[in-house]
Amino acid sequence: SSSRWMMPAQYWAASAHYPDFTVEYFFLDTNVWDAHAPEDPSGHNICSFAHNDFGASCGPKGPKDPRDCPWYFKSLWLKGKAWLRHLLERSTAEWQIVVTHFPPSWGHYDWEKLAHWHGIDLIITGHKHQ
């Protein structure tokens with residue numbers, strides 16, 4: 001067990017019904033934008049050897065080691081995007097809101113297409129480390 005907050009899943013959705021409208025929230029992991037090769041010396045790289053001890057693992061469902069880490073998050077992003085597209089296509093809510101860690105300036109091409117084709121009304125993000 002850890003004192004760190006854990007998301008209930010890598011991506012999930014929730015609906016909120018208000019008297020006059022409905023909102024669908026889509027929570028999506030965007031750590032792909034911070035998952036570089038372990039040798040990458042950038043200061044903010046969750047897959048870096050500098051931040052992961054030898055033999056580090058994210059458990060049975062995560063990357064098995066830092067070398068697997070970038071591929072794991074790329075795969076997660078591709079699955080999450082497909083999941084999001086699927087739900088947005090079927091959404092009947094008046095508002096569709098996406099919640100992520102990284103702002104849409106990271107992966108802007110993907111976000112522009114998703115917003116244009118599927119009508120995302122709002123994207124709420126975490127913060128950028130500078």
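Because the structure is a prediction, the values reported are computed rather than measured. The residues of the chain are indexed from 1 along the displayed sequence.
Of the inter-residue distances, the one linking Glu112 atom CD with Ile120 atom CD1 reads 11.5 Å to the nearest 0.5 angstrom. With rounding to the nearest 0.5 Å, the separation of NE2 in His86 from CG in Leu88 is 10.5 Å. Interatomic distance, Thr100 OG1 to Leu28 CG, rounded to the nearest 0.5 Å: 7.0 Å.
Under the 4.5 Å side-chain heavy-atom criterion for Ile, Leu, Val, Met, Phe, Trp and Tyr, Ile124 and Trp12 are members of the same hydrophobic cluster. Under the 4.5 Å side-chain heavy-atom criterion for Ile, Leu, Val, Met, Phe, Trp and Tyr, Val32 and Tyr109 are members of distinct hydrophobic clusters.
Nearest heavy-atom pair, His36 versus Asp40, reported as atom, atom and distance to 0.1 Å: CB-OD2, 3.5 Å. Contact detail for Pro38 and Pro70: the closest heavy-atom pair is CD-CG, 4.4 Å. In plain terms, the two heavy atoms of Ala93 and Thr22 that are nearest each other are CB-O, 3.5 Å. Pairing each heavy atom of Phe27 with each of Ala14, the nearest pair is CE1-CB, 4.5 Å.
Aromatic ring centroids of Trp111 and Trp77 lie under 6.0 Å apart.
The shortest distance between side-chain heavy atoms of Glu89 and His118 falls below 4.5 Å. At a threshold of 4.5 Å between non-hydrogen side-chain atoms, the residues Phe26 and Val99 do not count as touching. In this structure, the side chains of Ile46 and His51 stay at 4.5 Å or more apart for every pair of heavy atoms. Counting heavy atoms from C-beta outward, Leu84 and Leu114 have side chains that approach closer than 4.5 Å. Two residues are said to be in side-chain contact when any heavy atoms from C-beta on lie closer than 4.5 Å; Arg85 and Lys113 fail this criterion. Within the 4.5 Å cutoff, the side chain of Glu94 has no heavy atoms near those of the Val23 side chain.
Side chain of Asp68 to main chain of Pro63: no donor-acceptor pair is present (N/O by atom type, distance under 3.5 Å, no hydrogens or angles). Proximity of a side-chain donor or acceptor of Gln10 to a complementary backbone N or O of Asp29 within less than 3.5 Å is not detected. Between the side chain of Asn31 and the backbone N or O of Phe73 there is no donor-acceptor pair closer than 3.5 Å. At distances below 3.5 Å, at least one donor-acceptor pair connects side-chain atoms of Asn52 with backbone N or O atoms of Ser48. Thr30 contributes a side-chain N or O that, together with a main-chain N or O of Phe102, makes up a donor-acceptor pair within less than 3.5 Å.
For the residue pair His44/Asp34, the side-chain donor-acceptor check at 3.5 Å is satisfied.
Between Cys58 and Cys69, the gamma sulfurs sit at a distance of 2.5 angstrom or greater.
Residues passing the ring pair (Phe, Tyr, Trp, His ring centres under 6.0 Å) test with Tyr11 are Trp83, sequence neighbours excluded.
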Show your working on side-chain contact (heavy atoms from CB on, under 4.5 Å) between Val98 and Leu122 and close with a plain yes or no.
CA-CA 6 Å; Val98 176; Leu122 178 66; over 6 Å; no
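No salt bridge links Glu24 with Arg90; every basic N to acidic carboxylate O contact stays at or beyond 4.0 Å.
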